[in-house]
Amino acid sequence: MGAHPHVGAGVLRNEDPQLLTGRAIFVDDVHLAGTLHAAFLRSDFAHGRLLSVDTSAAKRREGVIAVYTAEDLGDYWCHGPLLVPPPPIAGLTFNTATLVPLARDRVVHVGEPIAVVVAESRYIAEDALEDIVVDIEPLPVVVGLEEALAPDSPVIHEALGTNVAAHVVQQKGDYEAARGDAHTVVSRKFSYDRGVAGAIENRGILADWNARNEELTVWDTTQAPIPIRNGLAERLGLLQSQVRVVAPFLGGGFGPKMMMFYPEELLIPWISMRLERPVKWIEDRAESFFATTNERLQLHEAELAVDSEGRILGVKDVFLHDSGAYDPYGITVPINTQCTLLGPYRVPNYYSEFTAVFTNKTIVTPVRGAGRQHGVFVMERLLDFAAKELGIDRVEIRKRNFLTPDEFPHDHEILFQDSAPLVYDSGDYLPAMEKAAEMIGYRKFLDEEQPKARAEGRRLGLGIVSYVEGTGIGPYEGARVSVEPSGKVQLATGVGTQGQGHFTTFAQIVADQLGVDVTDVHVVTGDTREFSWGTGTFASRGIVVAGSACHEAAIVVRKRILSVASEALEAAEDDLELADGVVRVKGSDLSISLGELAVRANPLRGAVAAGAEPGLEATSYFGPARGTTASGVHAMIVEIDPETLEVSIQRYVVVHDCGRLVNPVIVDGQIHGGVAHGIGNAFFEELVYDDQGQLLNASFMDYLLPTATDVPHMEVAHVETPSPLNPLGVKGVGEAGAIPVGALYAQALEDALQGAVEIREIPLSPGRLFDLVQDAEADS
Amino acid sequence: MAVIRDMMPAFELFRPVSVDDALQLMARHGEAAWALAGGLDTFDWLKDRIKRPEAVIDLGAISEMRGITADRGGLTIGAMTTLTEVATSPEVVESFSLLSMAAFHVATPQIRNQGTIGGNVAQDTRCWYYRGGWPCYRAGGNICYAAAPKAMNREHCILGAKRCVAVNPSDTAPALIALDAQMVIRSAGGERVVAAEDFFMSPAVDITRMTVLEPDELLTEIRIPETWSRARFYFEKVRDRQSWDFSLVTVASAMRMSGGRVQDARIVVNGVAPRPVRVTEAESVLIGSPANESIGLAAGEAAIRRAKPLRHNDFKRPLMRNLIRRAIRGQEA
């Protein structure tokens with residue numbers, strides 16, 4: 001083993017014993033004596049004037065402690081923060097409508113909270129919800145995106161006078177000129193819809209105001225404990241040191257738990273302070289469909305201009321994006337679409353315009369992939385159609401347009417979600433495509449297997465698509481590494497964790513510097529008392545930003561270890577080696593353990609040199625100038641039953657590049673989970689809203705997540721193009737698997753149906769395929 | 001519509017140990033009683049606070065309602081027998097594999113371990129408007145939301161709809177009809193036996209019920225006669241997701257051949273109408289003919305001739321046709 005025995009190794013996860021034996025603590029596992037339980041009364045109407053809320057009967061019910069409406073909140077009622085202000089794009093229109101803790105005059109989506117009941121039990125709280133009398137005067141509902149922009153459409157936020165949440169144009173070069181030079185222009189309309197994150201654990205909050213110590217502790221299913229602590233302290237008029245936010249183990253985040261502040265997150269701590277008792281709220285599944293953010297529809301009108309060889313001259317894309325009822329997350333999702341559409345390709349001219357639209361539906365914020373799916377779908381489909389029109393092989397057209405390694409860093413001349421220029425740091429796309437084609441047996445399939453299957457009446461199809469993912473954006477994260485007298489290492493970071501394997505990957509990074517075993521590095525995250533600075537886990541950034549901070553802090557601690565050891569062992573630092581938890585003088589049996597060094601570094605008696613710091617401890621921060629660009633190719637072979645149009649996946653291949661792999665097993669796991677999300681999006685999951693903005697399938701009976709029987713075995717391989725933007729050379733991977741699956745399904749199903757239909761929409765289903773086939777038959 | 005609903009409101013819970021005790025309780029509480037079998041239909045309704053029974057009568061402790069016994073070449077299956085037991089019973093597998101296949105297609109192993117055959121046939125419809133608590137016809141209101149011009153109804157009826165377009169969701173029901181099963185129904189007043197074919201209620205007769213069971217009645221056992229023992233069977237359920245999902249269209253058929261021709265056949269579909277439907281149009285094309293592709297297609301076409309798709313479920317017509325076609329041509333060999 002070299003200098004980095006742990007980074008790069010598929011070591012077992014430090015957190016798994018706790019998770020697998022059921023000892024891991026989740027928010028609802030925290031039981032405090034005297035806890036009260038909250039339940040929210042939510043709007044049944046998608047749009048309406050809230051005329052009155054009568055809570056008197058609810059308050060009289062035995063066991064009910066308090067009932068609050070907007071009126072009861074006094075000064076605490078206000079619009080929430082704009083979490084992500086839009087990047088400084090010239091000519092941008094952005095209309096802010098951030099959410100409120102409880103609806104006051106108006107309700108703007110089904111599920112918007114109107115009142116909260118606090119009772120001795122959740123049963124009583126829910127019984128009392130039925131005692132509340134709400135008078136809502138229904139208003140016309142805004143559901144469709146195009147309808148929302150019609151001149152006669154009702155307006156959701158009257159003060160804005162429009163349903164336009166944002167209008168953004170970004171361009172590079174001169175698309176119209178490029179179009180004029182084109183041999184072929186392919187133009188199509190696309191519709192790409194998404195759904196819920198489907199985390200197995202819904203949201204939940206337990207707040208405990210200790211009046212005696214004047215301390216507030218909040219257990220919250222958040223991806224961003226530190227910003228939650230900071231915001232709560234500010235809103236509640238407390239010092240940050242008086243507020244401790246703990247995000248313990250989370251049953252999945254995927255983006256919606258990054259949103260803040262949810263109304264419940266603001267209200268439960270406030271109620272605990274007023275009642276001086278612990279208050280718990282656990283979201284139920286049906287509630288989650290309405291009250292937790294999701295991702296939804298975009299409608300694109302796009303065109304691709306190519307020369308006779310299929311080389312891209314330019315792309316134009318104009319799209320509508322459903323923001324839902326409020327836009328606290330700014331334009332993150334549609335700008336991701338705009339920026340990710342370009343993919344791994346050389347696109348000299350680009351015109352992209354989007355309009356984000358308010359609708360009377362649940363708020364849209366990033367869900368794993370965060371708008372990238374939509375963009376990748378449009379670009380990959382356009383390339384497929386262009387290839388078909390020009391008679392070029394679909395792998396070949398992609399290869400011709402890939403950026404080559406000498407073109408990095410590659411500046412796309414537009415701004416990304418983090419306001420930094422969209423510059424790809426590094427990449428090498430051709431080997432990934434070739435590897436994927438080889439693994440799936442591309443030529444053999446097309447030349448032999450598919451024709452043979454067709455002759456037997458079987459419909460097999462192959463899909464192969466590429467994508468990039470902007471990952472690892474700023475602003476910064478930090479880490480504190482300390483060696484303790486036990487010889488064990490504590491590593492604290494503020495980033496928060498929801499199943500990504502941080503307890504292991506961060507430990508691997510530190511273990512390599514300190515010469516200890518991975519299991520001896522105890523990672524603490526998600527507790528603001530342990531680490532006070534940071535933002536959160538989102539945008540596939542944990543390993544890039546927090547991982548780099550861990551690395552830097554560990555390097556400083558390593559230096560301190562060697563310095564203290566040099567003195568203790570009376571040897572030059574260069575003559576020392578650090579391994580197996582001890583510092584040894586090379587070529588001798590003279591050594592000292594890390595535990596002893598930790599004691600020496602923190603003496604109880606004796607003079608200490610001026611300026612010296614105690615302990616073997618260091619804190620470092622890492623803030624990248626801009627994000628890293630991961631990439632990948634997915635390929636699959638599907639079979640469609642010609643009589644039922646049921647689809648089964650025969651093979652699924654992923655070749656992925658997230659730079660240097662810290663733990664390949666964890667990376668593969670991230671990809672597997674992402675692909676499962678992608679399959680759900682492509683073929684199973686759909687939020688069905690009716691024309692009154694009512695969500696009809698708010699349960700796992702009707703909203704279908706893919707199960708183990710629907711997610712195939714995946715063959716995963718890696719290409720490693722290190723990032724030059726961080727000391728580890730890593731790139732993010734959390735969202736990667738989910739991104740290209742819609743485009744992949746579309747291409748593979750079209751292939752299996754022998755070009756009988758053209759697929760320009762996601763999600764699909766057997767029923768939808770029947771419709772498409774019937775429409776195509778009717779047209780021909 | 002209402003959104004927070006995870007805690008059941010209070011009710012009185014009874015756990016009788018005999019059918020007679022259960023029937024006494026049913027008689028005493030009448031309309032306010034709710035018979036609880038595996039709970040897979042019940043608990044959703046209660047947690048969603050949409051159905052509000054005052055007395056829940058848990059049948060789980062009644063041992064006489066469980067088990068499968070051979071009976072003159074046929075079988076008697078207690079209504080509280082789990083779907084796993086039905087699916088794996090050697091007697092069912094040997095002689096009436098159609099029912100075994102049907103039971104295997106219900107939901108997931110966990111649900112089959114808990115769910116009962118009686119519950120599976122007596123379960124309520126899964127229409128998302130009705131389940132969502134909308135005041136529709138079936139729920140006592142005066143509109144079918146799923147049949148409205150802009151309704152979302154891809155899972156709904158293409159046949160036999162009257163005022164309500166929700167489908168019967170049971171997987172075992174079409175198999176039982178194909179096997180000509182007899183449903184034994186008891187009340188405090190006595191016993192009656194109804195053919196499976198007549199057990200399911202059309203909304204044209206009573207829109208608030210899925211079966212002929214009166215409020216004071218229990219389905220206690222299901223008798224399968226020898227008639228179709230070891231016949232040629234076909235079962236196929238098409239659903240959006242390959243496990244843990246309700247049917248879009250299901251076909252269950254039983255056939256007897258003689259001299260290369262179909263002597264007798266029963267073909268039943270579910271997921272297309274308010275009740276599982278015996279497709280007599282297809283049967284009459286089939287009987288006396290060879291069970292081949294062209295007869296299959298003709299029978300399938302005959303079966304969907306009267307179909308009236310809604311806004312979003314036209315796909316069920318070709319799907320139903322194709323499933324009937326497969327049920328027939330599969331028997332050719």
Side-chain angles (χ1 to χ4, degrees), chain A residues 37 39-45 110-113 117 121-127 129-130 282-287 289-291 641-646 648 683-684 688-692 694-702 704-710 765-771 773-774, chain B residues 1-10 40-41 44 47-49 52 107-108 126-129 131-134 145-146 148-155 169 236-246 248-249 296-297 300 312-326 329:
Chain A
H37 298 268
F40 285 81
L41 180 78
R42 297 177 183 277
S43 176
D44 278 345
F45 291 93
V110 175
E112 182 166 30
V117 173
S121 77
R122 176 75 174 242
Y123 285 94
I124 297 169
E126 294 199 12
D127 286 345
L129 291 181
E130 299 182 358
I282 300 293
E283 184 182 58
D284 76 31
R285 182 59 66 184
E287 196 173 20
F289 275 93
F290 301 90
D641 184 315
E643 290 175 328
T644 63
L645 300 189
E646 289 167 297
S648 64
F683 209 70
F684 297 97
V688 180
Y689 282 91
D690 76 357
D691 60 329
Q692 294 303 306
Q694 298 284 347
L695 179 61
L696 298 176
N697 61 340
S699 87
F700 283 161
M701 181 178 80
D702 292 316
L704 301 182
L705 295 174
T707 69
T709 57
D710 309 297
S765 66
R768 188 61 196 138
L769 288 178
F770 266 111
D771 293 341
V773 169
Q774 280 175 311
Chain B
M1 298 222 296
V3 181
I4 294 196
R5 335 171 266 200
D6 210 33
M7 298 292 176
M8 290 183 269
L40 296 153
D41 191 2
D44 277 352
K47 287 185 170 189
D48 288 352
R49 294 176 172 249
R52 310 293 284 255
T108 64
R126 301 278 163 179
C127 169
W128 52 28
Y129 291 95
R131 286 265 167 185
W134 295 60
Y145 294 91
K150 291 183 178 173
M152 305 305 286
N153 46 26
R154 61 183 299 271
E155 299 184 347
E236 188 169 1
K237 170 184 177 181
V238 173
R239 44 191 157 172
D240 285 319
R241 181 170 66 187
Q242 293 312 305
S243 72
W244 191 26
D245 196 7
F246 290 98
L248 293 169
V249 180
L297 186 57
H312 291 291
N313 67 1
D314 191 41
F315 72 93
K316 285 191 176 186
R317 288 187 314 119
L319 187 53
M320 176 175 155
R321 177 197 63 207
N322 290 348
L323 290 185
I324 289 172
R325 191 170 153 191
R326 282 185 181 192
R329 72 161 180 240

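So you know, we letter chains A, B, ... as the sequences are listed, proteins then strands, and number each from 1. The structure displayed is predicted, hence computed values, not measured ones.
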Check each atom of [X] against the heavy atoms of chain B and say whether the ones under 4.5 Å are side chain, backbone, both or neither.
X         : result
Tyr689(A) : backbone
Tyr123(A) : both
Leu705(A) : both
Asn697(A) : both

Minimum heavy-atom separation for Arg154(B) and Ser765(A), please, with both atom names.
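Arg154(B) and Ser765(A) have their closest heavy atoms at NH2-OG, 3.5 Å.
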Please find the pair of heavy atoms, one from Leu319(B) and one from Thr644(A), that lie closest to each other, and give the distance.
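That closest heavy-atom pairing would be CD1-CA, 3.7 Å.
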Sort out for me which of [options] touches chain B most, counting heavy-atom pairs under 4.5 Å.
options                         : answer
Ile282(A), Leu695(A), Asp641(A) : Asp641(A)
Val688(A), Leu645(A), Leu769(A) : Val688(A)
Ser121(A), Pro766(A), Ala708(A) : Pro766(A)

With side-chain contact (heavy atoms from CB on, under 4.5 Å) as the criterion, how do Trp244(B) and Leu704(A) come out once you've worked through the C-alpha distance, each side chain's angles and the decisive distance to 0.1 Å?
CA-CA 9 Å; Trp244(B) 191 26; Leu704(A) 301 182; over 6 Å; no
State, yes or no, whether a side-chain contact exists between [X] and [Y] at a heavy-atom distance under 4.5 Å.
X         : Y         : result
Met7(B)   : Ile124(A) : no
Arg49(B)  : Glu126(A) : yes
Leu696(A) : Trp134(B) : yes
Glu646(A) : Val238(B) : yes
Phe770(A) : Pro318(B) : yes
Pro706(A) : Arg241(B) : no
Met701(A) : Asp245(B) : no
His312(B) : Asp771(A) : no

Under the salt bridge (Lys or Arg N to Asp or Glu O under 4.0 Å) rule, collect the residues that match up with Arg325(B), sequence neighbours excluded.
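Salt bridge (Lys or Arg N to Asp or Glu O under 4.0 Å) check on Arg325(B) returns Glu643(A), Glu293(B).
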Among all residues two or more places apart in sequence or in another chain, which pass the salt bridge (Lys or Arg N to Asp or Glu O under 4.0 Å) test with Asp710(A)?
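In terms of salt bridge (Lys or Arg N to Asp or Glu O under 4.0 Å), with neighbours along the sequence ignored, Asp710(A) is linked to no residue.
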Can you tell whether the side chains of Asp240(B) and Arg768(A) come within less than 4.0 Å, N to carboxylate O?
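Salt bridge flag = no for Arg768(A) with Asp240(B).
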Does a salt bridge link Glu130(A) with Arg52(B), judged by any charged N lying under 4.0 Å from a carboxylate O?
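Salt bridge: yes.
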Heavy-atom distances under 4.5 Å only: say whether Tyr145(B) touches chain A with side chain, backbone, both or neither.
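Nothing of Tyr145(B), per the 4.5 Å heavy-atom cut-off to chain A.
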What's the verdict on side-chain contact (heavy atoms from CB on, under 4.5 Å) for Gln774(A) and Asp314(B), showing C-alpha distance, side-chain angles and the deciding distance?
CA-CA 9 Å; Gln774(A) 280 175 311; Asp314(B) 191 41; 3.5 Å; yes
First locate atom CG of Asp702(A), then atom CD of Glu155(B), and finally report the distance between them rounded to the nearest 0.5 Å.
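Going from the CG atom of Asp702(A) to the CD atom of Glu155(B) covers 5.5 Å.
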